[in-house]
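Each remark here refers to the structure printed beneath this line.
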Amino acid sequence: MSGAVAVPFLDLAAVHLDLRDDLDVAWKEVLAHGRFIGGPEVAAFEAEFAAHCGVGHGVGVGNGTDALELIMAGLGIGPGDEVIVPGNTFVATVEAVRAVGARPRFVDVRPDTLLADPAAVAAAITRQTAAIVAVHLFGQMADVDALARLASQHGVALIEDAAQAHGARYLGRRPGGWGAGAAFSFYPGKNLGALGDGGAVVSDDAQLIDKIRLLADHGRSPSDRYVHEASGRNSRLDTLQAAALRIKLARLDRMNAARVAVVEQYRRGLPSWCVPVAEDPAAEAVYHLAVVQVPDRPRVTAALDAAGIGWGLHYPVPCHRQPPFAEYADGPLPVVEAAAERILSLPLSPGMTPEQVDLVCEVLHDVPI
Ligand SMILES: *Cc1c(COP(=O)(O)O)cnc(C)c1O
């Protein structure tokens with residue numbers, strides 16, 4: 001069956017199949033009113049998404065990287081400041097720190113969840129530390145309870161990178177209210193994805209959200225559109241994207257439940273050498289990715305390729321080993337580096353069938369490990 005795709009890594013077309021009628025209605029409404037930037041769908045989505053997160057305020061922005069950068073800019077973080085980030089994250093988290101002129105401080109992660117290790121974060125706090133970024137990777141929230149306590153003890157900000165965790169919970173609470181605010185990405189493949197780029201910041205801090213709204217719209221004064229209070233930028237959520245996101249937000253919890261069911265089936269069916277990332281008992285993961293750790297990864301991926309099964313690596317080269325950020329590495333991050341050799345992301349789509357999950361498990365059982 002070489003060449004044919006038996007199980008795609010992520011089937012976005014299938015996700016959107018039964019949304020077509022609703023999307024058609026939404027497009028027609030936006031075309032009819034013509035407010036392609038700042039239309040009524042944007043404010044409606046901002047309110048609905050903040051409510052879904054259980055926080056008071058939200059603002060749509062251009063993408064998830066901008067969302068992170070705008071939180072930092074809104075908090076006044078800049079040159080001379082250090083921002084603590086886990087070594088296991090997508091580079092965007094680090095790019096945002098560099099974009100405001102601050103210095104990333106990389107810390108190691110927990111070996112079971114591969115999320116920030118609060119002890120490592122505590123050890124990295126200096127007088128220059130301005131913020132800690134809790135990255136909720138793979139759909140599971142980091143230990144925000146411990147990180148929020150650390151942040152308040154040391155008088156630094158806690159920022160949540162929730163780009164992979166729409167709908168996830170920690171101790172029953174979603175991202176956004178644990179610290180200064182949470183950044184979300186609506187990149188199409190995320191749990192809540194737009195039909196293009198998009199992002200948002202949610203927070204209980206109305207002033208921070210106002211500041212971000214101003215910075216993301218050319219520094220424009222809310223009271224006089226011809227006065228620019230700050231040298232800002234252009235990072236807005238398009239009305240068409242907001243319209244699509246409203247439709248998809250209404251289905252997010254159902255989609256997340258389908259992801260969880262796929263991962264539960266993997267847990268039951270995978271060979272014992274294929275070890276899924278652990279779930280913290282305090283967390284309710286929504287599984288953006290189905291990450292396992294395996295020995296002899298080249299042998300495993302070759303078997304998946306031969307069977308037409310998609311896979312990914314998140315992330316094989318840790319941020320502190322990437323050329324633009326290597327200069328900020330304080331030393332080795334043993335857990336991150338060991339995991340980078342072993343991690344493997346298995347196919348995961350909300351529409352994946354039990355037969356497809358079984359096929360992936362069968363192919364893995366046949367790998368001579
Ligand atoms: C996707 C992602 C981002 C960046 O989002 P974009 O919308 O692509 O800019 C940031 N952090 C993490 C952890 C991500 O997965």
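Remember, it's 1-based here, ligands and their atoms both numbered in the order they're listed.
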- Item | Any donor-acceptor N/O pair, Arg220 side chain to His228 backbone, under 3.5 Å | no
- Note on the structure: Note: Ala230 and Leu214 closest approach over all heavy atoms is CB-CD2, 3.9 Å
- Item | Asp253 bridged to Arg174 by N-O distance under 4.0 Å | yes
- Message: Under 4.0 Å between a side-chain nitrogen and a carboxylate oxygen: does that hold for Arg149 and Asp145?
- Response: yes
- Backbone or side-chain N or O of Gln164 under 3.5 Å from ligand 1 N or O: yes
- Task: Can you pull out the closest protein heavy atom to atom 9 (O) of ligand 1? Residue, atom name and distance to 0.1 Å, please.
- Result: Thr65 OG1, 2.5 Å
- among protein heavy atoms, the one nearest atom 8 (O) of ligand 1 is Ser185 OG, 4.0 Å
- Task: Determine, considering heavy atoms only, which of Ala96, Ala92, Gly193, Ala165 sits nearest to atom 10 (C) of ligand 1.
- Result: Ala92
- Message: Using a 3.5 Å cut-off on N or O atoms only, is Tyr187 in polar contact with ligand 1?
- Response: no
- Considering only the protein, which heavy-atom contact is closest to atom 13 (C) of ligand 1, and what is its distance? Asp161 OD2, 3.5 Å
- Message: Below the 3.5 angstrom mark, is there an N/O of Gly64, backbone or side chain, next to an N/O of ligand 1?
- Response: yes
- Query: Does a side-chain N-to-carboxylate-O contact under 4.0 Å join Arg233 and Asp217?
  - Reply: no
- Query: Which atoms of ligand 1 have any heavy atom of Asn63 under 4.0 Å away?
  - Reply: 7 (O), 9 (O)
- Item | contact_flag Lys190 ligand 1 heavy-atom lt 4.0 Å | yes
- Backbone N/O of Ala338 and side chain of Glu341: donor-acceptor pair under 3.5 Å: no
- Query: Heavy-atom contact under 4.0 Å between Asp197 and ligand 1?
  - Reply: no
- Just how far is it from atom CG of Leu115 to atom NE2 of His136, taken to the nearest 0.5 Å? 9.0 Å
- Task: Give a yes or no on whether a salt bridge exists between Asp22 and Arg251, defined as a side-chain N under 4.0 angstrom from a carboxylate O.
- Result: yes
- Message: So if I count the atoms of ligand 1 from 1 in the order they appear, which ones are less than 4.0 Å from some heavy atom of Ala163?
- Response: 2 (C), 3 (C), 10 (C), 11 (N), 12 (C), 14 (C), 15 (O)
